[in-house]
Structure formats: structure tokens, C-alpha cells
Protein chains: 2
Amino acid sequence: MEKRLMDKNFNYSSLKLGIIGGGQLGKIMSQKAKKMGFHVTILDPTFNCPAAQVSDKHIMGGFYDKEKLEQLVQESDVTTFELEHVDTSILKELYDNGHNIHPSPYVMELIQNKYEQKKLLDEKGIPVPAYKDVKSEEDLCAFGFPVVQKAKLGGYDGQGVQVLKSLEDVKTKALKTDSFIEEMVDIDKELAIIVARNIEGEIKCYPVVEMLFDERVNICDSVMAPARISKEVEEEAIRVSTESIKALDGVGIFGVELFLTKTGQIQVNEIAPRPHNSGHYTVEACATSQFEQIIRAVTNLPLGSTKLISPAVMVNLLGEEGYEGEPFIDGIHDALEIPELSFHFYGKSFTKPFRKMGHITVLDDDINVALEKANKAKNILKIKGSKKV
Amino acid sequence: MEKRLMDKNFNYSSLKLGIIGGGQLGKIMSQKAKKMGFHVTILDPTFNCPAAQVSDKHIMGGFYDKEKLEQLVQESDVTTFELEHVDTSILKELYDNGHNIHPSPYVMELIQNKYEQKKLLDEKGIPVPAYKDVKSEEDLCAFGFPVVQKAKLGGYDGQGVQVLKSLEDVKTKALKTDSFIEEMVDIDKELAIIVARNIEGEIKCYPVVEMLFDERVNICDSVMAPARISKEVEEEAIRVSTESIKALDGVGIFGVELFLTKTGQIQVNEIAPRPHNSGHYTVEACATSQFEQIIRAVTNLPLGSTKLISPAVMVNLLGEEGYEGEPFIDGIHDALEIPELSFHFYGKSFTKPFRKMGHITVLDDDINVALEKANKAKNILKIKGSKKV
């Protein structure tokens, strides 16, 4: 039974989509799938998770629960992902038996391992920072200091990344898990591109954006679309991202994080095989959002236009330091006075410091004005909690 | 207990919204409320209605079921509407006891009666077509022929409207219900404006759009935003619509349907006290959609910008003549190849001729190109059914 290429005579009015993961990415994906009239089932361990609130069905189960993963795939015409940390063994078995799972569990498995991911890109001639497998304490020192140590598996939002500044750090702060080191790149800007690839191999890139980080915790703070870069840098970023996704051979949406070095070179930092924080702005600013695009890609529908309709700045709303518990949105009235501002709140029942609780996207014909408006909103909006910590 | 002005210190992260009606309008409203993190309960008699599929809770009950209406209002911090045909007696009682219901049931009651609506507008000096209450067969003939007869209550989508062309028609085709007549206006274009008004009385207008009708059934077929009209006509349309909503004193979103006569005059046809088919385009084309705007208005949040980000054409996808039963979306692959096209399908389990099953919105910098693209899609997309009728 070869089901992987969904038949074009399929009745889309009864299409059943499965999404592994029920956070904010799954929530917006589900809303876009529901916009197109599809039936959506979410797999997530958390009762009343954001995506479950807007979907038809919720299978409560963890991402390493083989039985629940199999149930989801069996009940769905197509299964996709909002996260990459998931058991791939049962998914590979189901995929090999002809079930529609995109990106394929083989691609997911490869990307899960940041070292293998980097090695593949490197072997395909795609520029990446110098890196080296770590087998001993000696390996950690091979590039001198400072150096970036990264866990091969399980990292996200600044977790699983450690900067080592000295031999002392190697002794006291080094990650104890399976890891590799990466040269400390002299970064001018961090850029990102959302790339869509459909089942027939068609690729579409979204605009190159600029990611700004909250340095306290290394979490993406805001995103500017388009990035303030030259035409040459833009073209190189698009070329490198396109080649990377071709190398991976995946179907869906990929968030390609890039470094623009001080010497003007583009390097791939890492790739997320799913909608990405740097693509939130596409909901308001592009003809087709990344969340609708992944649905189109995995259901064998034509990819939508990635045209930027308006410049935009997106700002993450992180849980305020010093608070946890039931969230309270401080400043919502003043923030929503700002024109062309779209407010997203994910519906998580519990806030904690730096947790991603929502985001805003601000449009303006002038990207610098959009940035001013977004920064104003960022200073007003505070996600506090019912408890001081 | 005066709750009608929601306290600005209210914790919006736990806001519970109730929506009366679970069709496509309720569905998109709910999706926008969920975007902002609110809890949404739908009241609708139909199992698995479009809005219930994307909301937290579904109370199965009819719009004249006082017990269920009361349950919805009691469980919600704010209650609003996606339709106007609803029992207002229990709602007035609850409103008088301090519950947040917007637009108020008094406004809903007034608008339900098209004759009273017209009379109020007329008395406030707003231009409307000549009209006359019908108490006898003689009254039906008072304006000569042809003349438009309208039921005072319960009309929608061409229902409850009858054109009488002769005395013969008066005998054989006249509506038997409580009605009034209206002069047959010599129409150049049918225009519409979505108007938002918040609790503090602030009013914002969306762009003036042009409505095109399917003449077979008098249902809106497509909408062009902006309308192809002169600056003077645009200003008069905005003035008349703003005055109309001031006259009604309602809070929420109002779809104002206008006639542009062949002599260049603007007249109000009728007003819907809820998101309106002519405002679907705002989802993709405006900074704040009409569906998010009503949520902002009724929850005492600032109104969002109504700026047109891109010209747009919306086309309704009506159930194809000759089919009923489980819908089949014919032509979806070819239609979705058209760039800057957004596909909405409501998730109704049953199609029948001319039933509103979905819509598309097409963006383009050039409104005429948008219209071409939309017409191409319209010719490709056919909502067929499992059964020939």
C-alpha cells in the first residue's frame, strides 16, 4: 500500500491530519488546517495544551509513547510535527508500511542529532562553522577558547548549548552529554529563512529575516522581516538555505538559522524541521503563512505564495522574571492601542520565567517604524504570574 | 452588579467568551479569540458545527432555547453573536441584570425587525430607499410595479425578499408574513462597509467594498476591496455608515449594506449586527480582521487598525447546483496553484445547492488582477456532493 503520495483525487473535505506536539506551533498549524476544513488530531501529553483547544481531537500521550504515536498515525491520512524530539523507531516502521508522515521519520532522526545534521550539510558543501566531535576533554580544547559546546541531542531555546571560555570552564561547566564543539563565530547578524518543500520537490523560500536574541537566556526575542542586509547577502542566504533543504530531502517547512559573519560570509547554524519561531511573522505579513504552508506541503497541495505583503516585526512574549503560576497579561490595553499590532496568546495555563507565552506581530510600510512600534509594545506588555518567585 | 463595562484590570488570560451561533462566522471569530488566548464556548443546535470544531466548549442548543442561552451567558464573561435570529427576551433579562452581552439584546431586537431598523435610520436622517408598511393588499401596490416586498422578520441570504412585478404577482407571489415594501432602486453598484464600535463609542470603518451577486439566488457571490468608486462616493458611504451605527448605539461589528444609485446617491439597504460576508476579505487584507475586531470591541479592548494592507477579492464557494450530501472539493489542486490565494472551507458535513461551504480570498497589488485570479479560481473550484439531486 503506497500511500505516501496522497492521491490528487482524494476528498480533501474529509482529510484527517495528525500533529505530533500541541504547543503554540501546533496550535497555529491546527488553526490553519481547520481554516481549510480538515479534521485535526493532536498528540501531546498535556491536558488542555494550546493546540488541543482549537482542534477536533486530542490523544493524550508523550512523544516517546509508541502506542499513542501509532494510534495517531493510524487514525490520520497524514501526520506531521511541531517538534523534533520524538521517538522515530515506530514512525519509521509505519512510514515503511506506507503511511503518510512528513517530514519522513528518517529526516527527523537525522535532524535530531545536531552533529549528524552539521556533518551532512558540510559534506554537501554547505558552509557551516568549523566543528569537531567530542570524545574526550582534550577534544573540547581543540579550537582554543572561547568555544561553543553543543549537545548532539535534545537541545532547544538555548538549552544544550554551553560557551566555554577557559580550561577552568571545561572542568566545571562542560555539558556531560554526548556533544561536539563549534568555533565561536564572529557574528554580524543572525538571520533565518523559512523554506517550504512539497512532495514533488518544489521549494519556496520566505524572505530573509533578522533574529534578535535575549542575551540573558539566548532565546529569540524578536524578528525583523525583511532583514536589513545587502542584495548579495540576501541571495547567498537564499542559495545556502535552498541547498540545505535539498540535501535533507525533506517535505514540509524548515526553519534555517544562519550566521552572517563579520567578514560577510553566510553559514548554516542549524535547521528545524517544522514551523519556526522566526516565521511567526508570516501569519500577518505573507500571502501564505508558514503554518498553512506546511499543511499544503504535507497534504500534497500546491505550495502557496511566500510573498511579503508588508514589512513586519515579531516580538516574543516571554514569562516575566520573578513570576510563575496563572498568567496575567499586564499592559494589554495600552499595547493594543498601537496600530497594526496583532496579539497572540497561546493559552498556556502556567507561566514561568522566559517561557514562551505569546507573541505580537507589528506591521508597517517602514520596517524601522515597525521596529519602534514593536519595541514600544514590548516595553508595555509583561506576562506576570499569580505567584512571585 | 454593573459588569457591562469590563474592568480594565480584568485578567484577559482567563477570559471566557460565549458566541451565539456556530457557523462560519462563529468559527472564524472563535479562531481569532483563541489566537488571543481566550476560552470560547459556542451555542449552536448542530453537532460538530463549524465553530464547535475550533472552540473549547459546545453547548448544543437552539437560538430560542432560553435555558441554553442563559447557561451560555452565565458561564461567559462576555457573550456575542454570529447571527441575529435569536430569542432576545431572556437575553434582555440577563443584560438588565448586568451581564456583558454585545451588541445589547435591545439593539439585536431592533435590527431583527427590518422595518423598525429602516424606520429608525430614516428618522435619524439617514438616506434609505422609500418604504411603506404593509397592512393590506392595497399597500403592496402603493409604489406601483416593480416593487420589493420584504418580510420584517427572519430574512437572510435572499430569503424573505420578493420582487413583485404586477398586480398578478401581488395575488400569487406576495409573502404572506408581516412585511413592508421598498421602492425598486435603480442600482449602479451594491457597496458595503464593515463598521466597528467599541464600548466607549469609538468607531472605525473598514474600506468601502463592492458586492457582486449571484443573480440566480440573490446571494453575495464576490466582494472587491476596495470598491471601484470615486473619492466623493467613498466619503459619503463612510459618513452614512458611521451615522447609521451611531444611531443604533451598538457595540461590536456591523455590516452596512449600501446602494449606490444610478444618480450617485448612497442609501442604506440593511445592517447586520455581526461580522458580515462582505468582510471576509479583512482576514487576509486588513491589519485587523473583522473577526478579531468584534472580539476586541466586546471585551473592551482597543479597536485595531482597519488599514487595507493589500487589495483583495473574496469569492464565496457555494454548493454546486445538482448535488447534495458529503462535500467533495473539485479542482482544489488547480485552484491552489493561483498565487496569493487563501482557501477557506468551513467543515460543514453536508452540501446542498447554493449553501455557503467556504470562500477564497485573493490578494494582488492590482485589484483588477486580483479579480482575474479570483474569477479563474471560481471557475475551477466546484463544491460537489456525494449525491446527485
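Per chain, numbering begins at 1; letters A, B, ... match sequence-line order.
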- Task: Could you please spell out the steps behind the side chain to side chain contact (heavy atoms under 4.5 Å, CB included) verdict for Leu336(A) and Arg296(B)?
- Result: CA-CA 9 Å; Leu336(A) 268 61; Arg296(B) 287 181 177 227; 3.9 Å; yes

Toward chain A, the part of [X] with a non-hydrogen atom under 4.5 Å:
X	result
Leu301(B)	both
Ile383(B)	neither
Ser55(B)	backbone
Gln24(B)	neither

- Taking all heavy atoms of Ser310(B) and all of Ile309(A), pick out the closest pair and write down the distance. CB-CG2, 3.8 Å

- Note: Glu326(B) and Asn11(A) closest approach over all heavy atoms is OE2-ND2, 3.4 Å

- Message: Ring centroids only, cut at 6.0 angstrom: are His333(A) and Phe10(B) within range, meaning strictly under it?
- Response: no

- Message: Quick check on Ile28(A) against chain B: is it the side chain, the backbone, both or neither that has a heavy atom closer than 4.5 Å?
- Response: neither

- One option among Glu292(A), Met36(A), Lys57(A), Glu284(A) has the most heavy-atom pairs under 4.5 Å with chain B, and it is Met36(A)

- Message: Counting heavy-atom pairs under 4.5 Å with chain B, which one of Pro327(A), Gly347(A), Ser342(A) comes out on top?
- Response: Pro327(A)

Could you check whether any side-chain N or O of [X] sits under 3.5 Å from a backbone N or O of [Y], counting only pairs where one atom can act as donor and the other as acceptor?
X	Y	answer
Lys35(A)	Phe343(B)	yes
Gln53(A)	His39(B)	no
Lys27(A)	Lys34(B)	yes
Ser13(A)	Ile329(B)	no

Residues, nucleotides or ligands: over 12 heavy atoms within 6.0 Å of [X] [atom1]:
X	atom1	result
Lys204(A)	NZ	yes
Lys382(A)	NZ	yes
Lys352(A)	NZ	no

- Query: Can we say Asp364(B) and Lys307(A) salt-bridge, meaning some charged N sits less than 4.0 Å from an Asp/Glu carboxylate O?
  - Reply: no

Atom [atom1] in [X], atom [atom2] in [Y]: separation rounded to 0.5 Å?
X	Y	atom1	atom2	answer
Ser305(B)	Ile338(A)	OG	CD1	12.5 Å
Cys286(A)	Glu340(B)	SG	CD	10.5 Å
Asn48(B)	Asp56(A)	CG	CG	6.5 Å
Asp330(B)	Tyr12(A)	CG	OH	13.0 Å
Ile332(A)	Thr299(B)	CD1	OG1	7.5 Å

